[in-house]
Amino acid sequence: MTFGDSIKNALPHYNNPSSPHLHQTHTVALSARARLDLTRWYYGAAVMVAKTTNPPYSKILIAGAGPSGLLLALLLAQHDIPSLVLESWPGLDTRLRATQYGVPATRIFRRAGLLADIRKASIPKFPVICWRRVADGEKLVEIDMSLVEEEEDRMTVLQLGEIIQIMYKHCMDPEKGRGLIEVRFNHRVTGTGQDGDKAWVDVEVGKEGEDKTHERLEADYVVGCDGAGSAVRKSLYGREWPGQTFDCRFMVQNVFYDGFADHGWEGGNYMIDPDHWGLIARRGHGGLWRVTYGDPVPGLTDEEYLARRPWHLKAMLPGHPDPDQYRIEHTNIYNIHNRCVESFKVGRILLAADAAHACNPMGGYGCMTACLDVGGLADCLIGYHQNRAGPEILETYAKVRRDIFLKYVDARSIKNLNRVSKADPWTVAETDPFFKIVKELNKDQEEMKKFLMKVSSIEYDFTQHYDQRPAATHATSNAVNGTSNGISNGVAKHSEDEGAKAEVALHMEAV
């Protein structure tokens, strides 16, 4: 069937000028085939037209070869946009950080061509997410993740350090990276600048302990993807970063302990207790688990926090083991924050992910919102490069992603933290609206499955700001684009998802 035939068959009055419906204003329900044909035709034609004109910029400089910087470079390379990625470290940063990635992030990974390789390296199943009371280990509420184990975009579990290595391999692959991505290590950004035509970074080049050289590197735009300690952000705002740092130290460690299997623990277990709150979750093959907790006593040295660790683990782990009953490999100690910059864009310099905002780790919003920032910024840069949007689309990116963070992610990540650290463990299951909604959804497996895979209220379709579309195409392309890319149709949708149910949805996506 040709494109024209599929459209004609989808519109029953197409060949009937006398039809009483022909001149009425109404919504036509196109078949799935017709919607797909129509959208592909429109986008293909638009891109062909765009390629006949010169792109408005030719090079992007990305600070940071972490997950956000490499992901952005990959998404741009898919559309023939070259980038230079600078990293201050001598190699990839594989420290202990995120390990679970919800539906919005997996959709971005799929779009970047990464998801299949991430799945190959990850554990095959993650059957449950639950909340437990530390005092007696009782499971208060749970979500059956096996309901979506056959879904392509289901949550995936893999240490971020391994995902970064997969991303880097894709960037260097001649087919996946298309030879358009250059990554330079031992390049520390020391400052930024710009004028009306370009932006630049000043860098210190050289390995630790060796003599350094200094260079100025120019590009059409500079994007700071260099994490919470962002040199790009500091060059714009100094040390001013509105928000808060929490009065605790966050302890992250990989733990091998037979007691998890002996006591029937699986998946992710949020631990509710004022002294021992945190998350215990299976993270890898061979019995690897990630144990994280917040130590509520401020102001100690790292050695003093480590000395308190056996007390925390004895309270939190099933069977209340002593240190000789488990093995710890790798430990990181963090301060945790909720912060956001005044603007994600200053002239030709943009910020994304942790360079622009930070939130506490309860719920995993950091990596998820980072992926959504990067996916959105990539769409804006692609549309601009293809002459399908003007430079104002970058202003739209900066405003929309900041508004979403402040209105939704910031507030709800703090609720997640308070739920495990400040709520009464003996009454929270009955008093917390979040838990009430989860219990209600658990009564209907189909509803829970739909809910787990729904389009997120914190996604945003920046392609709606591309060139003006024909009326019918505009009505259908959002639906097709939403199906193929997993992108929602805008911030306006958020008003439908307010309250506790929206909090459940966001938490499930990030958890």
Side-chain angles (χ1 to χ4, degrees), residues 60 62-79 81-126 149 151-185 223 225-227 252 254 281-286 288 290 329-330 332 352-355 361 364 366-375 377-378 485-486 509-510:
I60 301 294
I62 301 169
S68 300
L70 296 179
L71 179 60
L72 179 59
L74 274 173
L75 292 170
L76 295 179
Q78 290 176 343
H79 295 268
I81 302 173
S83 62
L84 170 62
V85 185
L86 304 180
E87 173 55 52
S88 62
W89 283 43
L92 300 174
D93 180 0
T94 58
R95 291 175 297 174
L96 301 187
R97 289 179 287 171
T99 53
Q100 287 179 202
Y101 315 93
V103 174
T106 54
R107 285 196 279 256
I108 301 294
F109 291 156
R110 174 164 55 83
R111 174 182 159 194
L114 295 162
L115 187 56
D117 285 349
I118 292 173
R119 291 242 185 263
K120 288 178 186 177
S122 67
I123 57 177
K125 293 185 178 181
F126 195 80
E149 65 183 13
E151 297 291 333
E152 182 181 12
D153 290 337
R154 69 191 181 279
M155 184 182 73
T156 191
V157 176
L158 187 65
Q159 297 189 76
L160 187 58
E162 294 183 57
I163 288 182
I164 293 173
Q165 294 178 60
I166 292 171
M167 289 178 172
Y168 182 71
K169 183 178 179 180
H170 279 233
C171 286
M172 297 298 101
D173 185 283
E175 293 185 4
K176 297 180 175 70
R178 302 188 180 187
L180 296 173
I181 304 170
E182 180 183 0
V183 180
R184 299 182 188 176
F185 294 102
V223 182
C225 290
D226 47 343
V252 183
N254 286 343
R282 189 181 171 205
R283 283 296 179 258
H285 303 283
L288 172 63
R290 175 70 57 82
E329 291 187 359
H330 308 295
N332 279 347
D354 287 358
C367 191
M368 183 177 72
T369 53
C371 288
L372 295 178
D373 280 0
V374 168
L377 179 55
N485 293 332
E509 292 153 1

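Shown are Arg290, Arg283, His330; of these, the side chain to side chain donor-acceptor pair (under 3.5 Å) with Asn254 is made only by Arg290. Each of Ile163, Leu71, Leu70 was compared with Leu114 under the side-chain contact (heavy atoms from CB on, under 4.5 Å) criterion, and only Leu71 meets it.
The two residues Ile166 and Ala121 have their closest heavy-atom pair at CD1-CB, 4.4 Å. Considering all non-hydrogen atoms of both residues, Ile164 and Pro67 come closest at CD1-CD, 3.6 Å. Closest of all the heavy-atom pairs between Phe185 and Ala65 is CE2-CB, 4.5 Å. Across Asp373 and Ala352, no two heavy atoms sit closer than the pair OD2-C, 4.0 Å. Leu372 and Pro104 make their closest contact through CD2-CB, 3.8 Å (heavy atoms, listed as atom of the first residue, atom of the second, distance). Nearest heavy-atom pair across Ala353 and Ala370 is CB-CB, 3.4 Å.
Leu75 is listed as a side-chain neighbour of Val374, based on a closest heavy-atom distance under 4.5 Å. With contacts defined as side-chain heavy-atom distances shorter than 4.5 Å, the pair Leu74/Cys171 qualifies. Two residues are said to be in side-chain contact when any heavy atoms from C-beta on lie closer than 4.5 Å; Asp117 and His170 meet this criterion.
At least one donor-acceptor pair under 3.5 Å links the side chain of Gln78 to the backbone N or O of Arg111.
Atom-to-atom distance recorded for Leu180:CG and Ile60:CD1 is 12.5 Å, nearest 0.5 angstrom.
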